[in-house]
2 protein chains.
Amino acid sequence: MSSKLTERQQQVLDCIRECLADTGMAPTRAEIADIMGFQSKNAASDHLRALERKGYIKLHSDRSRGIQLLDNAYWSEEELPIVGKVAAGVPIEAIENVERTVPVPQGLFKQRPTYLLKVQGDSMIDAGIFDGDLIAVRKSNVARNGEIVVARIDEEVTVKTLKLNKSSATLLPANEAYEPIKVPADQLVIEGIFVGLIRDPNSY
Amino acid sequence: MSSKLTERQQQVLDCIRECLADTGMAPTRAEIADIMGFQSKNAASDHLRALERKGYIKLHSDRSRGIQLLDNAYWSEEELPIVGKVAAGVPIEAIENVERTVPVPQGLFKQRPTYLLKVQGDSMIDAGIFDGDLIAVRKSNVARNGEIVVARIDEEVTVKTLKLNKSSATLLPANEAYEPIKVPADQLVIEGIFVGLIRDPNSY
DNA sequence: ATGGGTACTGGCAATATGAACAGTGTTATT
DNA sequence: AATAACACTGTTCATATTGCCAGTACCCAT
């Protein structure tokens with residue numbers, strides 16, 4: 001259907017999306033020009049016409065901010081992949097690991113998740129994260145003290161609470177049966193931050 | 001927080017929601033007046049100012065269509081109401097109790113929830129249901145043994161695991177600090193069944 | 001080499017829109 | 001009886017915004 005966008009057009013589309021997410025209003029041509037760094041409003045106009053021609057937006061003529069996003073329901077739902085059993089050495093975002101996708105609406109969680117991870121094991125049971133739960137993860141390689149993170153140590157991925165010391169980090173389980181894991185700061189790879197949880201008691 | 005709306009103001013708010021859902025654009029004062037049947041744009045202006053004062057919308061001055069819906073997501077489709085503190089005697093689905101709505105996509109949970117309930121207290125903590133969690137509830141007046149239910153005893157609403165005996169029922173908490181509640185079958189009112197859980201660690 | 005799509009600058013006119021001001025009438029509260 | 005909030009009509013003015021025309025320049029496929 002919708003033909004491919006050029007890099008610039010994609011940037012303009014992203015810019016519109018951001019405005020929408022930010023203020024709830026579509027931008028004016030002048031605002032787009034301002035954000036994108038154009039000297040002329042008409043540059044934005046041209047891009048908008050291109051985006052409409054390619055089927056990504058609908059322009060309501062003579063209406064202020066009359067830009068309507070089409071195709072992907074950006075503002076109703078976003079399909080997030082569920083990353084399942086993570087094989088050793090495979091990056092967590094590898095497509096091979098995607099079991100299925102689940103629609104997660106924007107704004108369900110304060111922080112927007114990048115993907116979902118199916119929890120295995122009960123090491124975070126005292127934090128209310130159970131085996132089989134889906135956790136919403138925002139991809140990030142940094143995290144703050146006390147946050148629940150998805151971390152990788154030696155090709156293994158776990159969910160733990162992050163405790164930061166001066167030169168090392170500790171991954172804290174939430175289950176007495178498990179021991180805290182102390183990791184030198186340079187061996188720890190943060191994959192993402194826990195931003196939400198979804199549990200379905202009827203799931204299989 | 002946000003004070004109560006008059007009927008007219010509610011209608012104007014609905015009108016804005018519809019415009020947003022329909023075209024992706026907030027309406028102008030003239031459009032509101034047109035839809036609502038006002039002869040004067042200023043009638044719409046007055047209502048908008050009232051809505052802003054009461055905390056339902058944000059008006060961006062001097063911007064066309066500068067109406068931003070606050071708190072809840074603007075594009076209502078599969079929005080489920082969050083039922084908060086349930087006052088004694090008030091039916092759980094009373095409109096007065098609706099704090100806000102959250103978009104929940106169909107298919108997120110195996111069983112489709114009817115509403116969301118914000119959990120208060122830690123009586124189900126061992127079942128991974130924490131204070132502040134949102135639980136998705138399917139309205140039902142029957143439940144099977146072992147299911148986690150939303151039940152009402154003497155005008156009070158609680159979330160517990162249901163244990164059915166011959167002539168009575170027991171509501172089982174998941175916290176050692178709480179005692180099981182034995183209820184004659186005819187005094188127990190099932191409000192709904194626990195069908196899912198949503199947790200946002202960043203929610204205030 | 002020619003035409004079309006992309007990616008802009010710059011400017012102008014028409015209109016869409018918000019804001020402010022001056023009123024009228026009703027209802028609820030003090 | 002006075003005050004405030006509500007629910008409007010009607011008008012004017014400033015400015016926000018769109019739409020369009022005229023150019024320039026680059027790249028790609030015929």
Side-chain angles (χ1 to χ4, degrees), chain A residues 1-20 22-70, chain B residues 1-20 22-70 74 96:
Chain A
M1 297 299 122
S2 38
S3 32
K4 227 174 172 179
L5 294 182
T6 66
E7 194 180 326
R8 215 73 179 117
Q9 288 164 359
Q10 182 64 55
Q11 285 170 15
V12 172
L13 187 58
D14 288 340
C15 160
I16 297 169
R17 282 202 243 261
E18 257 183 66
C19 283
L20 244 6
D22 223 44
T23 64
M25 294 185 286
T28 64
R29 282 122 235 266
E31 285 169 354
I32 295 175
D34 203 39
I35 296 170
M36 299 287 298
F38 303 150
Q39 301 302 304
S40 169
K41 299 175 299 183
N42 197 47
S45 280
D46 284 353
H47 284 303
L48 289 178
R49 272 192 286 267
L51 285 171
E52 182 173 42
R53 182 165 42 77
K54 293 185 175 182
Y56 286 80
I57 62 175
K58 179 179 177 188
L59 293 175
H60 297 256
S61 59
D62 291 326
R63 316 248 118 164
S64 301
R65 301 170 186 275
I67 305 173
Q68 184 174 10
L69 288 188
L70 297 176
Chain B
M1 305 295 124
S2 37
S3 32
K4 227 174 170 183
L5 293 182
T6 66
E7 195 180 326
R8 215 72 179 118
Q9 288 163 359
Q10 184 63 56
Q11 285 170 14
V12 172
L13 187 58
D14 288 341
C15 159
I16 297 169
R17 282 217 182 88
E18 259 184 64
C19 283
L20 246 6
D22 222 43
T23 64
M25 294 184 287
T28 64
R29 280 122 234 265
E31 285 169 354
I32 294 175
D34 203 39
I35 295 170
M36 299 287 298
F38 303 150
Q39 300 302 305
S40 168
K41 297 179 302 182
N42 197 47
S45 281
D46 285 352
H47 284 305
L48 290 178
R49 271 191 288 266
L51 285 171
E52 182 175 42
R53 181 166 42 79
K54 294 185 175 182
Y56 287 80
I57 62 174
K58 178 179 177 190
L59 293 175
H60 296 255
S61 59
D62 291 324
R63 319 244 116 168
S64 302
R65 302 171 186 276
I67 304 172
Q68 184 176 10
L69 289 189
L70 295 178
Y74 345 142
E96 287 75 37

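Just so we're clear, the structure is a prediction, and the values are computed from it rather than from any experiment. Each chain gets a letter, A, B and so on, in the order the sequences are listed, and its residues count up from 1.
- Remark: P of dA7(D) and CD1 of I32(B) are 14 Å apart, rounded to the nearest angstrom.
- Inter-residue side-chain proximity for I35(B) and C19(B) is flagged as met; some heavy-atom pair is nearer than 4.5 Å.
- Protein atom CE of M36(A) is 15 Å distant from nucleotide atom P of dT6(C), rounded to whole Å.
- The distance from atom CD of E7(B) to atom P of dA28(C) is 13 Å, rounded to the nearest whole Å.
- The side chain of Q39(A) has dT9(C) as its nearest neighbour among dT9(C), dA7(C), dC8(D).
- Put simply, Q9(A) has no side-chain N or O that comes within less than 4.0 Å of OP1 or OP2 on dG5(C).
- The phosphate of dC8(D) has OP1 or OP2 within less than 4.0 Å of a side-chain N or O from H47(B).
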Item to check | Contact letters for nucleotides 16-24 of chain D, in which S counts primed atoms plus P, OP1 and OP2 and B counts the base, heavy atoms under 4.0 Å | outcome: SSBBBBB--
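- Rounded to whole angstrom, the span from the CG atom of L51(B) across to the P atom of dA5(D) amounts to 16 Å.
- Remark: C1' of dT9(D) and CZ of R8(B) are 14 Å apart, rounded to the nearest angstrom.
- Across L69(A) and R17(A), no two heavy atoms sit closer than the pair CD1-CG, 3.8 Å.
- Of the residues listed (I57(A), I67(A), L48(A)), the one engaging L13(A) in a side-chain contact (heavy atoms from CB on, under 4.5 Å) is I57(A), and it is the only one.
- Side-chain contact between F38(A) and H47(A): present, with at least one pair of heavy atoms (C-beta onward) separated by less than 4.5 Å.
- Contact check, K54(A) against dT6(C): a side-chain N or O comes under 4.0 Å of OP1 or OP2.
- Between E31(B) and R63(A) there is a salt bridge, since at least one side-chain N of the basic residue sits less than 4.0 Å from a carboxylate O of the acidic one.
- Of all heavy-atom pairs spanning R65(A) and A26(A), the tightest one is NH1-O, 3.0 Å.
- Of the candidate nucleotides dG10(D), dC8(C), dC6(D), dC6(D) has the atom lying nearest to any side-chain atom of R53(B).
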